[in-house]
**Q** 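The structure's right below; bear with me while I get my questions together.
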Amino acid sequence: MVNQIHKISLGILFFCCWIIPATANIETEERLFQNKSQLVRKTLADSLKFPTKGDRGKYIFPVLIAYRDRYPTSSWKPEHQQQFQVISKKNSNDFYTNSDAFAAPGLTRLLYLFPEDQAVKKLNKNYMSFLFPPVIQSGRYNFWQSGGTENFVNMLRTSGYLLAQKGIKLNLPYATQRLREKEAWLYYKARHTYRMGVAEWDSSTYTIFNLIGWLNLYDFAEDANMKNVAKAVLDYYASAIALKYTYGVYGGAEQRGGGTTTSFNSNTDYLGWLWFSEYIPETSSFFKWPAYIQLIHPATSSYRPPREAILLARKKDNQESYYQNAKANYGLARLEVPELFYIGKTYTLGTALVNNGKQVINWKLVSSPQQSEDAFVVTGSNSYGSKNSKNGMGKTNFDCYVQHRNILAQMTYIPQELQPKFKKQQFRNFISKIINKIPCGNTCKYVLQSKLNNFIPSVTYPVKKVQGKYQVANYISYPKEAKLVPRKGIYFLELNKTYVAISPFPLQENLKPQTTNKRNYLEITAPLGTLGGFILEVGNQFDHQSFDQFQDKIVANIKLDMTQRDSGKIDYLDSEGNEIAINYQFSQAQATWQVNGQKINLNHVKLYQGDNLEVDNQVLQLKSKDSIYQIDYRDKIPIFSRFKTEVNQP
């Protein structure tokens with residue numbers, strides 16, 4: 001009780017001392033948000049682009065919401081009326097398929113925002129009769145006992161709560177039971193987020209789908225406690241996005257990401273722009289379909305991210321900071337994935353030490369842009385996905401990553417004795433292609449592929465055949481606009497105000513840049529039984545007089561010692577004299593390392609651990625130069641606090 005009174009007293013004092021500048025700042029930020037919001041609403045309201053197949057509700061509902069919001073008294077256009085017919089032609093079984101997951105948040109927002117619209121009223125009546133039949137139905141995908149991926153569950157269950165809230169007022173069967181079931185789950189899910197984080201962490205593809213249902217809950221839940229629960233979840237997401245959002249790109253590593261390599265290209269890039277960016281685009285071409293359309297949810301929501309998150313996202317203070325975070329496995333059972341994230345003066349660099357995964361983006365370096373809508377992105381991986389766009393996607397058990405602040409190592413090692421096994425995989429792939437060509441129907445093909453998987457389990461080996469011999473292959477991918485300069489076996493990239501030194505190993509002095517449609521890349525190969533990869537050292541314009549001076553310092557000072565490579569060890573001496581000793585342990589998917597003789601310990605239990613963001617023991621703290629925003633979620637209901645801090649005088 002004393003602590004609570006102390007918190008309240010501090011809050012009152014903070015409010016009294018800070019009310020004038022805080023109010024002005026809030027008003028400025030709100031005007032900026034509304035400018036961006038109106039751009040989203042107008043662009044989407046005037047769009048008549050509707051797909052004819054797939055998860056159609058994902059695309060239909062945002063357009064309907066935007067049109068009615070923008071033109072509240074206008075008649076629906078024929079194209080809109082046609083879409084209403086499409087989404088109204090349902091039977092009860094349609095609510096037990098995965099296609100309704102992406103439709104659920106849009107449906108819910110439409111029903112709540114425009115309850116008096118005649119077309120929406122009709123839609124509401126149809127949906128409610130399907131959702132609350134006299135006899136309870138069940139299935140893997142539905143608003144009540146939903147299954148599937150994390151974003152499916154979030155979208156469906158938040159929507160289920162709000163639709164049950166409507167159903168209670170209509171005295172529909174089982175509506176109260178449904179609401180209580182979802183209420184219990186929402187309370188659990190929110191608190192568990194502060195314990196274990198999220199499964200689809202930092203996904204440029206799915207993060208927005210994970211949180212839009214919570215936006216609905218914040219806006220439309222009638223229970224005040226449930227609104228606070230939703231706010232806590234949204235503040236968590238806003239903090240996580242703010243940390244890694246870098247000049248229009250969701251930086252660092254991703255789980256289930258799409259490998260974004262340009263600004264404002266993914267769903268979550270656009271969300272970061274709406275919540276945090278000061279950039280106002282001059283033309284509607286800024287909005288790429290369909291990545292931006294889910295912005296209709298935050299654009300029409302009353303939720304706003306914490307002020308401290310906005311400041312963190314803008315990366316303006318030129319203060320370097322280093323984070324050692326922890327991510328959970330997909331089942332949210334253990335915090336087992338170490339994450340490293342560095343905020344430099346002109347860039348961010350982030351890595352996650354995941355064991356394996358085809359949808360993992362291992363790392364990204366995002367540099368400040370020449371223009372506010374065009375950041376530079378560098379990434380890399382092994383080359384087993386040789387037909388991809390060199391977007392950093394894919395992690396096998398044979399790849400290792402190491403990061404210490406501005407230094408990153410990317411390595412792959414394949415023992416020679418595994419050669420018979422990946423020859424077997426080649427045979428497996430050959431048989432799989434034959435099965436796909438058999439005209440026996442999807443069920444038949446599924447059965448045949450399952451039998452093949454049982455006979456020869458699918459394993460990915462990051463190897464490439466070069467002149468008839470199997471070799472390990474690695475690449476570093478960078479924008480075509482970047483300047484590349486080779487010097488004495490080191491390759492230097494100039495990315496506006498950011499400088500990168502790339503040291504390949506084994507030493508290859510005459511690497512020729514290769515190209516895809518959108519990217520350039522350096523690729524090295526190494527024989528089986530030989531470690532192959534790159535070490536990157538990143539600098540910036542503030543710490544070096546010029547790009548040439550950065551090159552001179554690197555060439556004169558760094559040393560890459562490979563003499564103990566066969567024992568699983570390499571040493572890198574960086575340009576500042578720090579020795580990074582890496583042990584890549586042939587039989588393990590993660591390396592260990594020491595810096596200046598001190599072993600780096602990654603076994604900690606904090607979700608986030610760094611200067612401006614910490615999440616530990618179910619307490620989140622966002623810190624700016626003059627305030628701390630805190631969410632204490634150790635009890636059933638979160639407690640929100642903000643405190644003034646001392647401003648350090650120069």
**Q** Show the nearest heavy-atom pair for residues K390 and Y521, with the distance to one decimal.
**A** CE-CE1, 3.5 Å
**Q** Between F550 and Y499, what is the ring plane arrangement, given parallel below 30°, perpendicular above 60°, and tilted in between?
**A**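 The rings of F550 and Y499 sit tilted, inter-plane angle from 30° to 60°.
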**Q** Step by step, work out the side-chain contact (heavy atoms from CB on, under 4.5 Å) result for I502 and Y478.
**A** CA-CA 11 Å; I502 305 172; Y478 59 93; 5.6 Å; no
**Q** So, the side chain of K421 versus the backbone of Q425: is there a donor-acceptor pair under 3.5 Å, distance only?
**A**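 No, K421 side chain to Q425 backbone: no donor-acceptor pair under 3.5 Å.
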**Q** Starting from the C-alpha separation in whole Å, work towards a yes-or-no answer on side-chain contact (heavy atoms from CB on, under 4.5 Å) for E200 and Y330.
**A** CA-CA 7 Å; E200 292 165 342; Y330 199 83; 2.7 Å; yes
**Q** Please evaluate residues L365 and L495 with respect to the criterion side-chain contact (heavy atoms from CB on, under 4.5 Å), reporting the C-alpha separation (whole Å), side-chain torsions for both, the decisive distance (0.1 Å), and the verdict.
**A** CA-CA 10 Å; L365 164 68; L495 308 165; 4.1 Å; yes
**Q** I need the minimum non-hydrogen distance between L522 and F534, along with the two atoms involved.
**A**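 The pair with the smallest heavy-atom distance is O-CZ, 3.7 Å.
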**Q** About how many Å separate CD of Q609 and CD of E339, when rounded to the nearest 0.5 Å?
**A** 12.0 Å
**Q** Evaluate the ring planes of Y322 and Y342, with Trp represented by its six-membered ring, and classify them as parallel (under 30°), tilted (30 to 60°) or perpendicular (over 60°).
**A** perpendicular
**Q** What pairs of residues pass the salt bridge (Lys or Arg N to Asp or Glu O under 4.0 Å) test when at least one of them lies in residues 525-551, not counting sequence neighbours?
**A** K345-D543
**Q** What distance do F341 atom CZ and Y608 atom OH have between them, rounded to the nearest 0.5 Å?
**A**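 That separation rounds to 10.0 Å.
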**Q** To the nearest 0.5 Å, how far apart are CD1 in I631 and OH in Y236?
**A** 11.0 Å
**Q** If you count every heavy atom of other residues, nucleotides or ligands that lies below 6.0 Å from K497 atom NZ, does the total exceed 12?
**A**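 At most 12 heavy atoms, drawn from other residues, nucleotides or ligands, come within 6.0 Å of this atom.
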**Q** For the ring-ring contact (aromatic ring centres under 6.0 Å, His included) test, which of Y413, Y470, F398 pairs with Y461?
**A**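 Filter result, single survivor: F398.
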**Q** Looking at A473 and E523, what are the two nearest heavy atoms and their distance?
**A**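 Between these two residues, the closest heavy atoms are CB-OE2, 4.3 Å.
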**Q** Determine the minimum heavy-atom distance between G252 and K244, stating which atoms define it.
**A**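 Looks like CA-CE, 3.8 Å.
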**Q** Measure the CZ-CD distance between R195 and Q618 for me, rounded to the nearest 0.5 Å.
**A** 4.5 Å
**Q** If you take all heavy atoms of V354 and K395, which pair is closest and at what distance?
**A** O-CE, 2.9 Å
**Q** Hey, what do you get for CG (L622) to CD (E308), rounding to the nearest 0.5 Å?
**A** 6.0 Å
**Q** Using only atom types and a distance under 3.5 Å, with no angle test, would you say the side chain of N151 pairs donor to acceptor with the backbone of N210?
**A** no
**Q** Should the pair Y188 and H192 be assigned to parallel (<30°), tilted (30 to 60°) or perpendicular (>60°) ring geometry?
**A** parallel
**Q** Can you name the closest pair of heavy atoms from A375 and S263 and give their distance?
**A** N-OG, 2.8 Å
**Q** Answer yes or no: are there more than 12 heavy-atom neighbours, outside K606 itself, under 6.0 Å from its atom NZ?
**A**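 Correct, the count exceeds 12.
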**Q** side-chain contact (heavy atoms from CB on, under 4.5 Å), that's the test. Do Y245 and S277 meet it? Break it down for me.
**A** CA-CA 10 Å; Y245 179 80; S277 179; 3.9 Å; yes
**Q** Just verifying a value: how many Å separate S477 OG and K518 NZ, rounded to the nearest 0.5 Å?
**A**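 Taking OG in S477 and NZ in K518, the distance rounds to 12.0 Å.
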**Q** Check whether any side-chain N or O of T530 sits under 3.5 Å from a backbone N or O of A526 as a donor-acceptor pair, and report yes or no.
**A**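 Not a single qualifying donor-acceptor pair exists.
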**Q** Counting only N and O atoms by type, is there a donor-acceptor contact under 3.5 Å from the side chain of R191 to the main-chain atoms of R634?
**A**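 Indeed, once roles are kept as given, a pair shorter than 3.5 Å links the two residues.
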**Q** Counting C-beta onward and ignoring hydrogens, is there a side-chain heavy-atom pair between Y206 and N154 closer than 4.5 Å?
**A** no
